[in-house]
Amino acid sequence: MNGEPIRVTLPDGRSVALPAGSSAATLAAEIGPGLARAALAASVDGEIVDLNRPLADGAAVRLLTERDPEALGVLRHSAAHVLATAVRELVPGAGIGFGPAIDDGFYYDFDVPEPFTPDRIEAVERLMAEVVRSDHPFERRVVTKEEARELFADDPLKLERLEELGDDEVITVYRDGPFLDLCRGPHLPSTGRLGHFKLLSAAGAYWRGDERRRMLQRIYGTAFFRKKDLRTHLHRLEEAKKRDHRVLGRRLDLFSIQEEVGQGLVLWHPGGGRVRRVIEDFLRDTLVEHGYEIVYTPHVASEELYRLSGHLDVFADDMFPAMDDGGDRFRMKPMNCPHHFMIYRSRTRSYRDLPLRFAELGTCYRYERSGTLHGMLRVRSFTQDDAHIFIREDQIADEYNRLLDLGDRLLGVFGYEYRAALSTRPEKAIGDAAVYDDASDRLAGVLRDRGLDYELDEGGGAFYGPKVDILVTDALGREWQGGTFQLDFLMPERFGLDYVGADNRRHRAVVIHRTLLGSMERFVGGLIEHYGGAFPLWLAPEQVRILPVSEQWTESARELMGRLRAEGLRAELDDRDTLGYRIRAAETMKVPYMGIVGEREAEAGTVSVRMRGAGRKQVAMGRGDFVERLKDEVARRALG
RNA sequence: GCUCUGGUAGCUCAGUGGUAGAGCGCUUCCUUGGUAAGGAAGAGGUCGCGGGUUCGAUCCCCGCCCAGAGCUCCA
């Protein structure tokens, strides 16, 4: 090697001298043979690079092994290249789109004449294994734009991408064996380092994510360094599938969606109805405690109302088509706001009246595009736990504090962890920017003062006002929308929402649109998955199932059921078949408690209590104690 | 809406160019069972809908509807 030796620093502060032109691989070898084997890539001055890139003098270098989280992204992106290598072998002329690492794995988009069927995916997977066995090194090369144009002359997708690169950008290509790709990298040293991978699915995806452009075929996969991690991940996917609210909704007889009724229209069966009723009762009581007024408004409105609100212009496509009787035109309501505004406007309001909080479990109708519908989570008719709060500008901070209190109370009851996100003024905001920013600052102040962990979405607010979103994390670690508190300076203008101030002059009110749970459909759908169908006692559609050991004891069992029901508990009796059969049935239906009554229990006036999922671990207890225990668990809304 | 894959009994699914099967569930009978499926019999289907090809279509072809995966969208 020519030139002066270089020095690089390690994370522990140590400085190492290396010959000029040395790479991170040389460094690893210098430190030890174990590290030389384990090193996969390097972080150089904070940038992740290939192991064989030459190091600059004075660089801060951290060698990445499979223990470093950053290495997983490198692995997965390399896996994507291996996938493309395999696809090119199967379909030589395949166009190559993008192939990034994503949260749980990677994908690659291909322009191929035939879509990928499951057996072709398997074939691709086998070819990938061969690419890994061949252990092709990933070779990086810097090229000029002109060279790149020649290299990718036969791939219009790559050429298009290439033309977008600025003239001062360094263009790199990577080769692994036969496959050459326009790519920024970095990559593993060679394809042989790709550990454990699996192709998961194929689906169409628009080129550049633009629905007006051609559709490519996307293959999804995942990859891990260790077999165990891959297995765990696949197992988690299986678990998520088992918790699918659509599957559980059928099995537990909670709801259905039927072709004859219509797409995206949910039928709540008695079981789902019970869950919903309990939540609604709890919600309504809590709202009244928190100073809300309950209002009711019709499901349809004259089109004029949405002309006034401005929604008709912008969102007509997402509304159900108009009902026209030759004179007036009516629409199913896509939101409750205008109705609530009209209630506010129905009389002169004093500053003393504010805040005024109108809450409604308001059923709305939105004509969502068919491909977006999904079980209970994305539907065309849904009931929002909606409210509109009318306040003075000086009440913003105070009201947001109350909202966050309320959110905290509600979400905690369901066992959700949550965090907040604040969205501030976008470019297209209307009205006085200073008012918008001042409001955002006050919201940020509220979040800070509460010590709440929040994320800032700069410019993510609506054009009419900033908002605070609550994001909840469920039992599988997935994040859901868990409420949104949206400030609105526009609608008060459009609807003339005023109040008379202490100065006896008219002032403009400020509106907060807010939901806590979102919609009953989405919330209950989410809860089904959160609990895996095993609802805590207070929410369970059926709380206790009484099982007489034989017909002889049915009378005694019925007496117990009567006592439970008299206390408002949802108890059923099952005297169908053998005891073992019925225990199995109750377990499958995820009933929290079974009360078994046979000779011993009937004579002693007790009941043998078997808890969901606890198998034969059961206790005999007095019937009064049993009733009290359940009542207490319900009253505490225990999560079980 | 777009791409692909599907649609057969209440559910999960097998199957065939000559109008159809299993398991579970349901009904009835026998069994009176002590902790995750006791036994038997029976009912139940316009094979998503509409066209076409064919002597004959659940099966092949076309269109539509619906579902699933993904994309796009989500006031």
Side-chain angles (χ1 to χ4, degrees), chain A residues 97 107 109 112 114-118 120-121 200-220 241 244 246-247 250-251 253 256-264 306 309-319 333-338 364 366-375 377-380 382 384 462-464 467 481 484 486 488 490-491 513 518-519 522 547-554 575-589 594-601 608-618 620:
Chain A
Y107 68 78
D109 288 341
V112 285
E114 302 276 315
F116 295 101
T117 55
R120 293 184 76 206
I121 296 241
L200 297 172
S201 60
Y206 300 108
W207 169 232
R208 314 309 300 267
D210 183 340
E211 65 177 318
R212 287 163 308 193
R213 309 207 50 180
R214 67 178 303 139
M215 187 153 286
L216 306 180
Q217 297 302 322
R218 176 173 297 178
I219 297 181
Y220 283 93
K241 218 187 283 174
D244 189 319
R246 293 164 301 180
V247 175
R250 172 172 290 294
R251 238 190 49 216
D253 197 15
S256 64
I257 296 171
Q258 299 178 41
E259 199 174 328
E260 294 85 340
V261 177
Q263 284 184 287
Y306 302 109
S309 69
H311 289 115
L312 198 61
D313 291 338
V314 194
F315 300 112
D317 283 352
D318 297 305
M319 292 165 73
K333 68 172 171 186
M335 76 277 292
N336 308 297
C337 333
C364 298
R366 296 184 190 173
Y367 200 74
E368 304 282 1
R369 293 164 82 176
S370 63
T372 63
L373 301 173
H374 182 85
L377 302 181
R378 190 82 180 268
V379 295
R380 285 183 170 165
F382 55 94
Q384 280 185 315
F463 63 93
Y464 47 79
K467 63 171 176 172
Q481 173 72 249
T484 173
Q486 175 92 54
D488 185 349
L490 173 66
M491 286 299 154
H513 307 253
S519 72
R522 187 175 287 195
L547 309 176
V549 170
S550 72
E551 263 167 44
Q552 244 177 303
W553 317 109
T554 301
D575 59 356
R576 292 175 296 174
D577 218 306
T578 59
L579 184 63
Y581 177 86
R582 285 174 287 151
I583 283 171
R584 181 182 151 84
E587 287 285 358
T588 339
M589 290 303 281
M594 279 172 253
I596 295 160
V597 176
E599 183 174 7
R600 296 196 293 271
E601 294 83 1
S608 287
V609 178
R610 180 175 162 134
M611 285 171 65
R612 176 176 60 199
R616 284 169 178 253
K617 260 181 277 161
Q618 59 178 11

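Chain A is the first sequence line, chain B the second, and so forth, proteins listed ahead of strands; every chain is numbered from 1. Source: prediction; values computed, not measured.
For the P atoms, the distance from B/A37 to B/C24 is 13 Å, rounded to whole Å. For the C1' atoms, the distance from B/G23 to B/U19 is 24 Å, rounded to whole Å. Remark: the separation of the P atoms in B/G52 and B/C59 is 14 Å, to the nearest Å. For the C1' atoms, the distance from B/A9 to B/C47 is 10 Å, rounded to whole Å. Using P as the reference atom, B/A75 and B/C61 are 42 Å apart when rounded to the nearest Å.
Looking at heavy atoms from C-beta onward, A/Q618 lies out of side-chain contact with A/V609 at the 4.5 angstrom threshold. A/L373 places a side-chain heavy atom less than 4.5 Å from the side chain of A/R380. Using a 4.5 Å heavy-atom threshold, the side chains of A/L547 and A/R610 count as separate. The closest side-chain heavy-atom distance from A/W553 to A/R600 is not below 4.5 Å.
Shown here is A/R212, whose CZ atom has no more than 12 heavy atoms of other residues, nucleotides or ligands within 6.0 Å.
Closest contact between the side chain of A/R576 and the listed nucleotides B/C26, B/G1, B/G38 involves B/C26. Distance from the side chain of A/R250 is smallest for B/U12 among the nucleotides B/U35, B/U12, B/G1. For A/E599, whose side chain is taken as the heavy atoms from C-beta onward, the closest listed nucleotide among B/G34, B/U35, B/U12 is B/G34.
The CZ-C1' distance, from A/R251 to B/C11, rounds to 11 Å in whole Å. Spacing between atom CG of A/D318 and atom C1' of B/C73 amounts to 8 Å, rounded to whole angstrom units. Straight-line distance from the CZ atom of A/F382 to the P atom of B/A75: 10 Å, rounded to whole Å. The CD1 atom of A/I121 sits 11 Å away from the C1' atom of B/C4 (whole-angstrom rounding). Between the C1' atom of B/U35 and the CZ atom of A/R600 lies a distance of 10 Å, rounded to the nearest Å. Nucleotide B/C74 holds its C1' atom 13 Å from the CD atom of A/E211, rounded to whole Å. Remark: P of B/C74 and CZ of A/F315 are 9 Å apart, rounded to the nearest angstrom. One atom, CZ of A/R584, and another, P of B/C24, lie 10 Å apart when rounded to the nearest Å.
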Exercise for review: Give the intermediate values and the outcome of side-chain contact (heavy atoms from CB on, under 4.5 Å) for residues A/R612 and A/E587.
Suggested key: CA-CA 6 Å; A/R612 176 176 60 199; A/E587 287 285 358; 4.2 Å; yes
Practice item. Go through A/M491 and A/Y464 one step at a time and tell me if the side-chain contact (heavy atoms from CB on, under 4.5 Å) criterion holds. Key: CA-CA 8 Å; A/M491 286 299 154; A/Y464 47 79; over 6 Å; no
Practice item. Start with the C-alpha gap between A/E368 and A/Q263, add the side-chain angles, then the distance that decides, and say whether side-chain contact (heavy atoms from CB on, under 4.5 Å) holds. Key: CA-CA 10 Å; A/E368 304 282 1; A/Q263 284 184 287; over 6 Å; no
Review point. Do A/M611 and A/K617 pass the side-chain contact (heavy atoms from CB on, under 4.5 Å) test, and can you show the C-alpha distance, the side-chain angles, and the key distance before you say yes or no?
Key: CA-CA 8 Å; A/M611 285 171 65; A/K617 260 181 277 161; over 6 Å; no
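With hydrogens and angles ignored, a donor-acceptor pair under 3.5 angstrom links the side chain of A/R378 to the base of B/C74. Taking 3.5 Å as the limit, the base of B/C71 and the side chain of A/R369 contain no donor-acceptor pair of atoms between them. Between the base of B/U32 and the side chain of A/Q552 there is no donor-acceptor pair shorter than 3.5 Å. On a pure distance criterion of 3.5 Å, no polar donor-acceptor pair joins the side chain of A/E260 and the base of B/G48. Donor-acceptor pairing under 3.5 Å, judged by distance alone, is present between the side chain of A/Q618 and the base of B/U35.
Contact annotation: A/R610 does not reach the phosphate of B/G34 (side-chain N/O to OP1 or OP2, under 4.0 Å).
Within 4.0 Å (heavy atoms only), A/G209 reaches sugar-phosphate atoms of the nucleic acid but no base atom. Using a 4.0 Å heavy-atom cutoff across all strands shown, A/D210 reaches no nucleic acid atom at all. Residue A/E551 is classed as a base contact, given a heavy-atom separation below 4.0 Å to a base. Nucleic acid contact class of A/Q486 (heavy atoms, under 4.0 Å, all strands): none. If you check every strand for non-hydrogen atoms under 4.0 Å, A/S608 touches a base. When heavy atoms are screened at a 4.0 angstrom cut-off, A/Y464 is found touching the sugar-phosphate backbone but no base atom.
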Review point. In dot-bracket, 5' to 3', how would RNA chain B read with Watson-Crick or G-U wobble pairs under 3.5 Å, [ ] for crossing ones and | for pairs to another strand?
Key: (((((((..((((....[..)))).(((((.......))))).....(((((..]....))))))))))))....
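A donor-acceptor contact under 3.5 angstrom links the side chains of A/E601 and A/S608, judged on distance only.
Salt bridge absent: A/D210 and A/R208 never bring a charged side-chain N and a carboxylate O closer than 4.0 Å.
Nucleotides of RNA chain B nearest to A/L579 and A/P334 differ in position, and the one nearer the 5' end is that of A/L579. With RNA chain B read from its 5' end, the first of the two nearest nucleotides for A/G580 and A/A462 is the one closest to A/G580.
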**Study point:** Sugar-phosphate or base contact per nucleotide [nucleotides 64-70 of chain B; S, B, -; heavy atom under 4.0 Å]
**Key:** -BSSSBB
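Atom-to-atom distance recorded for A/Y206:OH and A/E211:CD is 5.5 Å, nearest 0.5 angstrom.
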